[in-house]
Amino acid sequence: MAKGFGSRGMGGMGGGMNMNMLKQAQKMQQDMLKMQQELQEKEYQAAAGGGVVSATVSGKHELKALVIDPEAVDPEDVEMLQDMIVAAVNEAMRAADSDAAETMQKLTGGMGLPF
């Protein structure tokens with residue numbers, strides 16, 4: 001055994017600091033799980049075509065509701081209605097993603113963790 005390290009080795013140096021970091025990491029993990037659950041339960045709404053089509057999605061990216069104003073239904077231009085539906089759903093999904101990213105940024109303090 002090398003002189004100066006004794007039976008504890010180098011483990012005695014900063015041991016309390018490592019436990020503190022571990023506790024902080026565990027708390028952050030618990031906070032993240034809670035926040036992810038809350039985000040999944042939230043709903044996000046977006047509209048297209050001046051509001052004649054609106055979509056509501058969950059934080060789990062599930063389409064929850066789709067509202068189409070009867071004025072938007074033109075049998076001669078089904079393509080326009082389809083485009084408005086896609087636009088509304090995509091915008092609602094972007095809102096959910098943006099909220100999740102912003103919320104995680106607040107939790108992680110900008111550490112750049114891959115979520």
Side-chain angles (χ1 to χ4, degrees):
M1 180 147 49
K3 288 186 176 183
F5 290 109
S7 62
R8 291 190 303 154
M10 292 180 66
M13 296 173 56
M17 183 65 129
N18 289 336
M19 285 300 283
N20 189 34
M21 289 174 61
L22 181 61
K23 287 179 183 178
Q24 286 178 339
Q26 288 172 336
K27 182 178 181 344
M28 182 181 288
Q29 183 179 24
Q30 289 171 349
D31 291 347
M32 286 174 55
L33 289 172
K34 180 182 175 193
M35 198 166 291
Q36 285 173 338
Q37 185 176 9
E38 289 172 2
L39 285 168
Q40 288 179 352
E41 293 172 5
K42 287 176 92 172
E43 291 188 350
Y44 304 87
Q45 186 175 17
V52 295
V53 174
S54 69
T56 304
V57 299
S58 73
K60 291 192 274 187
H61 293 99
E62 295 173 339
L63 182 61
K64 300 298 248 175
L66 181 65
V67 179
I68 302 171
D69 187 316
E71 291 178 24
V73 181
D74 180 357
E76 301 296 317
D77 196 2
V78 173
E79 226 174 86
M80 175 67 86
L81 178 58
Q82 292 168 337
D83 289 344
M84 287 189 289
I85 292 169
V86 169
V89 171
N90 284 337
E91 185 57 34
M93 295 286 191
R94 279 191 288 274
D97 289 343
S98 177
D99 186 36
E102 185 179 309
T103 302
M104 286 300 164
Q105 177 77 13
K106 288 177 188 173
L107 179 67
T108 62
M111 285 192 288
L113 299 174
F115 299 106

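Counting begins at 1 with the first residue of the sequence. Hydrogens, waters and symmetry mates play no part in the numbers below; they use all other heavy atoms, side chains included.
- Taking all atoms of both residues into account, the shortest heavy-atom contact from Gly49 to Met84 is CA-SD, 3.4 Å.
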Would you check, one step at a time, whether the test side-chain contact (heavy atoms from CB on, under 4.5 Å) holds for Arg94 with Asp97?
CA-CA 5 Å; Arg94 279 191 288 274; Asp97 289 343; 5.5 Å; no
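- The side chain to side chain donor-acceptor pair (under 3.5 Å) check on Lys64 picks up nothing, with sequence neighbours excluded.
- To the nearest 0.5 Å, the span separating CD on Gln24 from CE on Met19 amounts to 12.0 Å.
- Atom CD of Gln30 and atom CE of Met35 lie 13.0 Å apart (nearest 0.5 Å).
- To the nearest 0.5 Å, atom OG of residue Ser58 and atom CD of residue Glu41 are 10.0 Å apart.
- Checking side-chain atoms of Thr103 against main-chain N and O of Asp99 turns up a donor-acceptor pair under 3.5 Å.
- Shortest non-hydrogen contact noted between Ala55 and Leu63 is CB-CD1, 4.1 Å.
- Met32 approaches Met104 most closely through the heavy-atom pair O-CE, 4.0 Å.
- Salt bridge Glu102/Lys106: present, at least one basic N to carboxylate O contact under 4.0 Å.
- Nearest heavy atoms, Ala46 versus Ala92: CB-N, 3.4 Å.
- The distance from atom NZ of Lys60 to atom CD of Gln36, rounded to the nearest 0.5 Å, is 12.5 Å.
- Under the side chain to side chain contact (heavy atoms under 4.5 Å, CB included) criterion, Val73 pairs with Ile68, Leu81, sequence neighbours left out.
- Residues passing the side chain to side chain donor-acceptor pair (under 3.5 Å) test with Lys27, sequence neighbours excluded: Asp31.
- Contact record, Leu39 with Ala100: CD1-CA, 3.7 Å, taken as the closest heavy-atom pair.
- Residues Val52 and Leu66 fall within the same hydrophobic cluster, defined by Ile, Leu, Val, Met, Phe, Trp and Tyr side chains chained together at heavy-atom separations under 4.5 Å.
- Here the shortest heavy-atom pairing between Tyr44 and Ala96 reads CD1-CB, 3.4 Å.
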Let me see the working for Met93 and Val89 under side-chain contact (heavy atoms from CB on, under 4.5 Å), right down to the final yes or no.
CA-CA 6 Å; Met93 295 286 191; Val89 171; 4.3 Å; yes
